[in-house]
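In what follows, a structure is listed as structure tokens, so that the remarks can point back to it.
No hydrogens, no waters, no symmetry mates; every other heavy atom, side chains included, goes into these values. Atoms within each ligand, like the ligands themselves, are counted from 1 in listed order.
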Amino acid sequence: MSHPQTAAPLTQDELKTLVGQAALQYVVPGEVVGVGTGSTVNKFIDALATMKDQIKGAVSSSVASTERLQALGIPVFEAAEVESLSVYIDGADEIDHQGHMVKGGGAALTREKIVAAQSKMFVCIADESKLVDVLGAFPLPVEVIPMAAARVMRQFAAMGGSAKLRLKDGQPLVTDNGQHIVDVTGLKISKPLQFETEVSQWPGVVTVGVFAHQKAQVCLLGTSTGVKTLKF
Ligand code: 5RP
């Protein structure tokens with residue numbers, strides 16, 4: 001007797017492809033779209049190439065995304081060339097049930113926050129492992145001016161966190177903006193708006209990876225049963 005075949009659960013990579021494709025429905029034909037950074041966004045960029053003739057182009061949040069967009073023939077505009085964008089599509093390291101996020105795992109948080117701020121709507125694309133009740137499970141990235149790194153790390157330690165300078169090939173990672181990244185663990189960020197406001201004011205902090213002021217309005221979440229749309 002043959003047994004009914006149960007479909008294998010989708011891999012994380014397949015979930016990323018699914019949400020990357022689903023995000024196309026938010027792209028406004030004839031306009032410039034804001035594009036984030038990361039492995040999930042790479043899937044979105046690949047999907048965007050299928051409708052490149054219907055859009056003017058993109059504003060990108062990183063050198064890596066710019067290179068991928070251009071390689072696929074999608075024109076990339078400087079942020080300063082475009083006053084406002086209808087939509088910004090980006091991934092997240094964590095997202096809570098209100099649409100607040102932690103971002104910056106790919107070190108692109110500063111440009112991501114700039115492009116998000118000039119966009120009317122933030123559509124987050126993520127797999128379900130990123131959905132959390134309280135932000136703080138993923139290390140919090142903070143971009144800092146190098147001379148401030150040690151002081152900023154001590155300030156996080158005083159808050160009960162533990163901060164480390166992000167390294168690449170044994171050297172401090174240098175962002176697209178020529179700065180460093182500090183990753184902070186051990187914090188529970190239960191008041192993201194206040195937290196973002198406070199840390200943003202510390203001397204030498206370029207950008208904190210909490211996106212509460214620039215939170216998502218929509219999250220396309222890849223789940224075992226398909227794409228779930230969360231609205232905030
Ligand atoms: C890059 C980011 C990314 O959006 C975040 O790290 C998620 O990346 P991925 O889609 O690869 O999981 O903030 O700075």
Atoms in ligand 1 flagged as close to Gly91, the criterion being non-hydrogen separation under 4.0 Å: 4 (O)
Qualifying residues under salt bridge (Lys or Arg N to Asp or Glu O under 4.0 Å), relative to Lys16, sequence neighbours excluded: none
For atom 5 (C) of ligand 1, the protein heavy atom that lies nearest, with its residue and separation: Asp93 OD1, 3.1 Å
Audit row: Val208, Lys113, side-chain contact (heavy atoms from CB on, under 4.5 Å) steps and yes/no: CA-CA 9 Å; Val208 56; Lys113 209 174 261 195; 4.0 Å; yes
Close side-chain approach of Phe211 to Glu112, heavy-atom, < 4.5 Å: yes
Residues forming a side-chain contact (heavy atoms from CB on, under 4.5 Å) with Thr50, sequence neighbours excluded: Leu24
Distance filter under 4.0 Å to Ala92 heavy atoms, resulting ligand 1 atoms: 4 (O), 5 (C), 7 (C)
Which residue and heavy atom of the protein sit nearest atom 3 (C) of ligand 1, plus the separation: Thr37 O, 3.2 Å
Whether over 12 other heavy atoms sit under 6.0 Å from Gln25 CD: yes
For Leu230 against Leu131, the heavy-atom pair lying closest together: CD1-CD1, 4.1 Å
Element-labelled atoms of ligand 1 that are located less than 4.0 Å from some non-hydrogen atom of Ala107: 14 (O)
Passing candidate, side chain to side chain contact (heavy atoms under 4.5 Å, CB included) with Glu143, options Gln179, His180, Arg111: Gln179
Neighbour count >12 (heavy atoms, 6.0 Å) for atom NZ, Lys188: yes
Val206/Ile145 under side-chain contact (heavy atoms from CB on, under 4.5 Å): CA gap, chis, key distance, verdict: CA-CA 7 Å; Val206 178; Ile145 289 174; 3.8 Å; yes
Minimum-distance protein heavy atom relative to atom 10 (O) of ligand 1: Thr40 OG1, 2.5 Å
Main-chain N/O of Val76 paired with Gln70 side-chain donor or acceptor, under 3.5 Å: no
Atom indices of ligand 1 within 4.0 angstrom of Lys103 heavy atoms, with elements: 2 (C), 3 (C), 4 (O), 13 (O)
Ligand 1 atoms in contact with Asp90 (distance to a heavy atom under 4.0 Å): 4 (O)
Closest protein heavy atom to atom 12 (O) of ligand 1, given as residue, atom name and distance to 0.1 Å: Lys130 NZ, 2.8 Å
Polar proximity ligand 1 side, Gly104 side, N/O cut 3.5 Å exclusive: yes
Proximal ligand 1 atoms for Gly105, defined as those under 4.0 Å from one of its heavy atoms: 6 (O), 13 (O), 14 (O)
Those atoms of ligand 1 less than 4.0 Å from some heavy atom in Ala108: 14 (O)
Polar atom proximity, Gly38 to ligand 1 (N or O, under 3.5 Å): no
Atom 9 (P) of ligand 1: nearest protein contact (heavy atom, Å): Ser39 OG, 3.3 Å
Numbered atoms and elements of ligand 1 in range of Glu112, under 4.0 angstrom, heavy atoms: 1 (C), 2 (C), 13 (O), 14 (O)
